[in-house]
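Take a look at the structure below.
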Amino acid sequence: MIGKLKTESGYHWTSKLEDMFKDIQRSKELMVDFRKKNHDFECELNVSVCTTGAWPTSSIQPVKKPPDIVIVADSFTNFYLNRFSGRRLNFQMDKGKADVSVQFNAKTKKILVVSTYQMLALDQFNKAGARKLSFAALQAATQAPA
């Protein structure tokens, strides 16, 4: 398909699309290598490394990650930067999703697929052991944008 597009529209039109496909393939390979060396975490991480310039950009909003996430994210960052010198790695938490295991009562256990920000909010409820938390308290604890 990309070959046909290149023939019809030219190399410059399809170069970013080719870079996107390469990023997806490289990310899969990176995750396989990372999991071979780092398989003892409580949570599972799946990262897509996207080349700046090939993908649409947005401003990176920093958030306060839970300790479990910090450990595995820092481990991946070290793995990546040791493998590729001279590169930068930024986590765009607004682009992510999480599978969260939730136990509502003794019999009911569900897996919720939520955005990263929703995962951060659910983590705060879990830590607080509360049924209610104010928006201001959630935002202060997670530092997620309003």
Side-chain angles (χ1 to χ4, degrees), residues 1-6 13-146:
M1 180 181 100
I2 294 175
K4 287 184 180 183
L5 284 171
K6 193 184 294 186
W13 196 83
T14 60
S15 65
K16 285 187 179 183
L17 185 61
E18 287 177 342
D19 290 343
M20 288 176 165
F21 280 111
K22 287 177 188 174
D23 283 348
I24 292 168
Q25 185 58 38
R26 274 190 233 124
S27 293
K28 289 177 183 177
E29 293 167 3
L30 270 174
M31 290 313 303
V32 168
D33 291 346
F34 176 72
R35 287 189 185 113
K36 284 180 186 174
K37 296 177 183 176
N38 303 281
H39 48 77
D40 55 346
F41 295 112
E42 287 187 29
C43 61
E44 184 178 327
L45 177 74
N46 190 14
V47 176
S48 296
V49 179
C50 303
T51 306
T52 305
W55 296 83
T57 59
S58 63
S59 63
I60 298 171
Q61 300 289 329
V63 296
K64 186 176 179 186
K65 300 177 203 88
D68 293 344
I69 303 297
V70 169
I71 291 168
V72 71
D74 287 350
S75 180
F76 181 80
T77 301
N78 291 334
F79 164 79
Y80 183 81
L81 296 178
N82 285 332
R83 190 166 183 170
F84 303 103
S85 63
R87 293 189 185 181
R88 288 183 311 143
L89 189 64
N90 297 313
F91 286 90
Q92 291 192 336
M93 301 297 278
D94 60 324
K95 305 282 191 272
K97 66 178 177 134
D99 294 351
V100 179
S101 179
V102 180
Q103 184 133 10
F104 292 103
N105 56 39
K107 296 180 182 178
T108 309
K109 187 175 182 178
K110 301 285 182 183
I111 294 180
L112 305 176
V113 179
V114 297
S115 73
T116 307
Y117 293 148
Q118 290 169 327
M119 182 234 3
L120 295 173
L122 289 171
D123 184 58
Q124 290 304 308
F125 278 99
N126 193 40
K127 285 179 183 172
R131 291 184 163 267
K132 291 184 182 180
L133 287 174
S134 70
F135 179 76
L138 282 173
Q139 190 172 21
T142 63
Q143 298 174 354

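Taking each heavy atom of Arg35 and Leu45 in turn, the nearest pair found is NH2-O, 3.0 Å. The shortest heavy-atom contact between Pro145 and Gln139 is C-NE2, 3.8 Å. In terms of heavy-atom proximity, Ala128 sits nearest to Leu133 at CB-CD2, 4.1 Å. Across all non-hydrogen atoms, the minimal contact from Val100 to Met119 is CG2-CG, 3.9 Å. Minimum heavy-atom separation, Val47 to Met31: N-SD, 3.4 Å. Closest approach of Ala141 and Lys64 over heavy atoms only: O-CD, 3.4 Å.
Around the NZ atom of Lys28, the shell of radius 6.0 Å holds no more than 12 heavy atoms that belong to other residues, nucleotides or ligands.
Separation of atoms NZ (Lys110) and CZ (Phe104) is listed at 8.0 Å; rounding is to 0.5 Å. Distance CZ/Phe91 to CG/Asp74: 8.0 Å, rounded to 0.5 Å. Phe76 contributes atom CZ, which lies 10.0 Å from atom CG of Asn38 (distance to the nearest 0.5 angstrom). Between the CG atom of Asn126 and the CD atom of Gln103 there is a distance of 11.5 Å, given to the nearest 0.5 Å. Separation of atoms CD (Gln92) and OG (Ser48) is listed at 11.0 Å; rounding is to 0.5 Å. A distance of 10.5 Å separates CG in Leu120 from CD in Gln143, rounded to the nearest 0.5 Å.
Between Thr51 and Asp19, every side-chain heavy-atom pair lies at or beyond the 4.5 Å cut-off. You'll find the side chain of Leu89 stays beyond 4.5 Å of the side chain of Phe84, heavy atoms only. Looking at heavy atoms from C-beta onward, Val49 lies out of side-chain contact with Arg26 at the 4.5 angstrom threshold. By the 4.5 Å heavy-atom criterion applied to side chains, Arg83 and Leu30 are counted as neighbours.
Side-chain atoms of Thr77 come within 3.5 Å of backbone N or O of Ala73 as a donor-acceptor pair.
With sequence neighbours excluded, no residue forms a ring-ring contact (aromatic ring centres under 6.0 Å, His included) with Tyr117.
Note on Lys127 versus Asp123: salt bridge recorded, some NZ/NE/NH1/NH2 to OD/OE distance being below 4.0 Å.
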